[in-house]
Asks: 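Starting off with a structure, shown below.
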Amino acid sequence: MLDAIQLAVENVKNGGGPFAALVVKDGAVIASGVNQVTPTNDPTAHAEVVAIRNACRKLNSFQLVDCEIYTTCEPCPMCLGATYWARPARVYYASTREDAARAGFDDSFIYDQLELPQSERAIPCIPVSHAEASAPFRAWEQQQDKVPY
């Protein structure tokens, strides 16, 4: 965890956000990631997402089975979703989301939004009916060489 914390401090000094994550497998760090949101103008470039991407490339797999993630802060909703899709064994974090909020990184509004009906959210999600809406799923179901995930 100390390595992740030091990586986050260094990232701040280099113009990035105060977050870092490490992916560990069999006791060895296989990948790292730091928050790159502002340097890359990418709102998805959170430390955990960057670390997951780097680890998956290194392992040549879209899953992090038997891996652990060490992150400097409790994952935000996006990072938590990415973590669940990556399927590591566990996640360890240092600071809480309340600690992050006190530092100006408050994601509580996202948690609040998820509780609301779609029509009441700040960014409405509006279903659009279309006769061909299920075509991609039918194609997936019929695909013989698909890789389930």
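One is the number of the first residue; the rest follow in order along the sequence.
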Asks: Please assess Glu115 against Asp112 for the test side-chain contact (heavy atoms from CB on, under 4.5 Å), listing each intermediate value before the final yes or no.
Replies: CA-CA 5 Å; Glu115 298 294 322; Asp112 295 342; 5.8 Å; no
Asks: Okay, side chain of Asn35, backbone of Gly16: is any donor-acceptor separation there less than 3.5 Å?
Replies: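 No, the answer is negative, given that no donor and acceptor are paired below the 3.5 Å cut-off.
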Asks: For Val12 and Pro18, work out which heavy atoms get closest and say how close.
Replies: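 Heavy atoms only, the tightest pair is CG2-CA, 3.4 Å.
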Asks: Under 3.5 Å, side chain of Thr72 to main-chain N/O of Ala4, donor-acceptor pair present?
Replies: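 Not a single qualifying donor-acceptor pair exists.
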Asks: Examine Met1 and Val34 and state if one hydrophobic cluster contains both, with Ile, Leu, Val, Met, Phe, Trp and Tyr joined whenever side-chain heavy atoms are less than 4.5 Å apart.
Replies: yes
Asks: Which atom names give the shortest non-hydrogen contact between Ile52 and Ala86, and what distance separates them?
Replies: CG2-CB, 3.9 Å
Asks: Dump the intermediate steps for side-chain contact (heavy atoms from CB on, under 4.5 Å) on Trp85 and Tyr149, then the final yes or no.
Replies: CA-CA 8 Å; Trp85 281 112; Tyr149 60 98; 4.3 Å; yes
Asks: Is a donor on one side and an acceptor on the other found under 3.5 Å between the side chain of Arg57 and the backbone of Ala55?
Replies: no
Asks: Does one hydrophobic cluster hold both Val50 and Leu64, with members joined at side-chain heavy-atom distances below 4.5 Å?
Replies: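 Different clusters.
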Asks: Going by salt bridge (charged side-chain N to carboxylate O under 4.0 Å, His left out), name the residues that satisfy it together with Arg97, two or more places apart in sequence or in a different chain.
Replies: Glu74
Asks: Partners of Tyr111 by ring pair (Phe, Tyr, Trp, His ring centres under 6.0 Å), sequence neighbours excluded?
Replies: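 With neighbours one apart ignored, the set is empty.
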Asks: Could you give the distance from CD1 (Ile30) to NZ (Lys25), rounded to the nearest 0.5 Å?
Replies: 6.5 Å
Asks: Using a 3.5 Å distance criterion without hydrogens, assess whether the side chain of Arg121 forms a donor-acceptor pair with backbone atoms of Gln113.
Replies: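 Yes, the answer is positive, given that a donor and an acceptor are paired below the 3.5 Å cut-off.
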Asks: Considering all heavy atoms of both residues, which atom of Pro39 and which atom of Gly15 are nearest to each other, and what is their separation?
Replies: CG-O, 4.0 Å
Asks: Start with the C-alpha gap between Gln36 and Asp42, add the side-chain angles, then the distance that decides, and say whether side-chain contact (heavy atoms from CB on, under 4.5 Å) holds.
Replies: CA-CA 7 Å; Gln36 300 173 354; Asp42 180 354; over 6 Å; no
Asks: Treat each ILVMFWY residue as a node, draw an edge where side-chain heavy atoms are under 4.5 Å apart, and state whether Tyr92 and Leu7 are in one component.
Replies: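 Both belong to a single hydrophobic cluster.
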Asks: Do the non-hydrogen side-chain atoms of Phe19 and His46 ever get within less than 4.5 Å of each other?
Replies: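 Result no, sub-4.5 Å side-chain heavy-atom pair not found.
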Asks: Once ring pair (Phe, Tyr, Trp, His ring centres under 6.0 Å) is applied, do any residues pair with Tyr84, and if so which ones, sequence neighbours excluded?
Replies: none
